[in-house]
Amino acid sequence: IRLEEDEVSIAEWAQQAEDMEPHYSPPDEAKYPEDTWERVTINDYWTAKHKLPFALLEWASENKEHPEYQEALQQSAARFENLIIEHPHPPDHFFKNAGITFGNLRAPGTECKMVMNFARYLLLTQDEVKDRQSTLQLLINYLWYLKLAHDQELPEQCDQETTQTAVEAVRRHYPTDLDSQS
């Protein structure tokens, strides 16, 4: 616990917290059955690695008027990106939390990262329909925006991979003919 006069910046706090995380390369989880202590250890490792970016996202969500609000989101986003790259099979909630983080960031290109992460979340999730409905609606709105931008000959903001992933995710949860929208 720090005294108020000893407070550090979000970036310093995040670095100090990261220094306390486990730093090793876990073995391939496929080697170990689900009910072994080795698999539990591997799962605990990834849970520990998820705690920091999630804590930064939660802090930002509760402190939107704080001068370091965007810094907390940037720190969270960078760590979510690294976590997703490092994890051999990232679970759906990694993508969902990264999508939320990028959706709140105010920097160029973050909207495309939000779309991609939400699409990847929807491709993996087994969440209840009610829990994924707003994410699905966001991707549907994005695809409608692309159609309008195309009709008005405006440049696309996101790359083709992001768009295709969004189309695939929407089709999985909302089967319809999206070819005329993308």
Side-chain angles (χ1 to χ4, degrees), residues 1-32 37-127 131-132 134-135 137-139 141-142 157-159 161-162 165-166 169:
I1 299 178
R2 292 187 170 97
L3 298 175
E4 192 171 320
E5 60 269 12
D6 294 335
E7 277 192 33
V8 296
S9 70
I10 289 291
E12 291 172 292
W13 178 84
Q15 186 57 57
Q16 290 173 6
E18 187 174 284
D19 291 344
M20 291 186 272
E21 289 181 342
H23 294 282
Y24 66 93
S25 296
D28 181 6
E29 64 185 26
K31 290 180 172 181
Y32 305 101
W37 69 267
E38 293 93 346
R39 181 63 83 87
V40 170
T41 302
I42 294 167
N43 291 341
D44 287 350
Y45 171 84
W46 292 115
T47 299
K49 297 294 269 188
H50 179 262
K51 285 184 186 284
L52 177 56
F54 187 71
L56 287 160
L57 172 59
E58 281 188 314
W59 184 90
S61 297
E62 296 167 3
N63 293 278
K64 292 183 179 184
E65 301 302 318
H66 194 282
E68 290 196 278
Y69 167 70
Q70 285 293 306
E71 176 65 24
L73 290 171
Q74 288 171 352
Q75 293 287 330
S76 177
R79 284 169 171 78
F80 274 127
E81 280 188 312
N82 290 337
L83 180 61
I84 288 167
I85 290 168
E86 290 173 14
H87 197 295
H89 308 287
D92 63 349
H93 66 277
F94 284 20
F95 295 109
K96 182 178 183 179
N97 292 334
I100 293 167
T101 303
F102 283 112
N104 284 287
L105 264 172
R106 300 295 169 248
T110 57
E111 64 279 351
C112 296
K113 291 181 178 187
M114 174 195 65
V115 168
M116 177 59 97
N117 279 289
F118 279 153
R120 291 173 76 188
Y121 156 70
L122 285 174
L123 288 171
L124 292 172
T125 193
Q126 298 297 314
D127 285 352
D131 295 333
R132 59 180 177 232
S134 62
T135 305
Q137 187 60 56
L138 184 141
L139 292 184
N141 292 346
Y142 166 72
Q157 294 179 330
C158 301
D159 62 24
E161 180 186 8
T162 299
T165 306

Holding to side chain to side chain donor-acceptor pair (under 3.5 Å), I want the full list of residues that pass it with [X], two or more places apart in sequence or in another chain.
X	value
Glu12	Ser9
Asp28	none
Asp159	Thr162

Does [X] have any side chain to side chain contact (heavy atoms under 4.5 Å, CB included) partners at least two apart in sequence or in another chain, and if so, which?
X	result
Asp131	Asp127, Glu128
Thr41	Tyr24, Trp37
Thr165	Met116, Ala119, Arg120, Leu123, Glu161

Subject >> Test salt bridge (charged side-chain N to carboxylate O under 4.0 Å, His left out) applied to Glu81 - qualifying residues, sequence neighbours left out >> reply: Lys113
Subject >> Glu21: salt bridge (charged side-chain N to carboxylate O under 4.0 Å, His left out) partners, not counting sequence neighbours >> reply: Lys49
For a quick test of reading the model, state the closest non-hydrogen atom pair linking [X] to [Y] and the distance between them.
X	Y	value
Phe80	Phe54	CZ-N, 3.8 Å
Gln75	Ala11	NE2-CB, 3.6 Å
Leu83	Pro53	CD2-CG, 4.5 Å
Ala169	Leu139	CB-CD1, 4.1 Å
Pro88	Trp46	CD-CZ2, 3.7 Å

**OP:** Hey, could you give me the CD1/CD distance between Ile10 and Gln15, rounded to the nearest 0.5 Å?
**Re:**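 CD of Gln15 is found 13.5 Å from CD1 of Ile10.
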Original post:
Roughly how far apart are Thr110 OG1 and Gln74 CD, rounded to 0.5 Å?
Top reply: 9.5 Å
Original post:
When you look at Leu52 and Trp13, which way does the side chain to side chain contact (heavy atoms under 4.5 Å, CB included) test go after all the steps?
Top reply: CA-CA 10 Å; Leu52 177 56; Trp13 178 84; 3.6 Å; yes
Just so I know, are the side chains of [X] and [Y] near enough to count as touching, which here means a heavy-atom distance under 4.5 Å?
X	Y	value
Glu111	Tyr142	no
Ile42	Pro27	yes
Leu56	Leu73	no
Asn117	Phe94	no

**OP:** Would you please test Leu122 and Phe95 for side chain to side chain contact (heavy atoms under 4.5 Å, CB included) and show each step?
**Re:** CA-CA 9 Å; Leu122 285 174; Phe95 295 109; over 6 Å; no
Subject >> Any pair counted as disulfide bond (SG atoms under 2.5 Å apart), so long as it reaches residues 52-96, sequence neighbours left out >> reply: none
For the side chain of [X] and the backbone of [Y], is there at least one donor-acceptor N/O pair under 3.5 Å apart?
X	Y	result
Glu38	Tyr32	no
Ser76	Ala72	no
Thr125	Tyr121	no

Original post:
Does any pair with a residue in residues 84-102 pass salt bridge (charged side-chain N to carboxylate O under 4.0 Å, His left out), and if so which ones, sequence neighbours excluded?
Top reply: none
Original post:
Applying salt bridge (charged side-chain N to carboxylate O under 4.0 Å, His left out), which residue pairs with at least one partner in residues 70-79 are found, sequence neighbours left out?
Top reply: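 Residue pairs passing salt bridge (charged side-chain N to carboxylate O under 4.0 Å, His left out), neighbours aside: Glu18-Arg79.
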Subject >> Partner set under ring-ring contact (aromatic ring centres under 6.0 Å, His included) for Tyr69, not counting sequence neighbours >> reply: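 With sequence neighbours excluded, Tyr69 shows a ring-ring contact (aromatic ring centres under 6.0 Å, His included) to no residue whatsoever.
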Original post:
Can you list the steps and then say if His87 with His50 is a ring pair (Phe, Tyr, Trp, His ring centres under 6.0 Å)?
Top reply: CA-CA 10 Å; His87 197 295; His50 179 262; over 10 Å; no
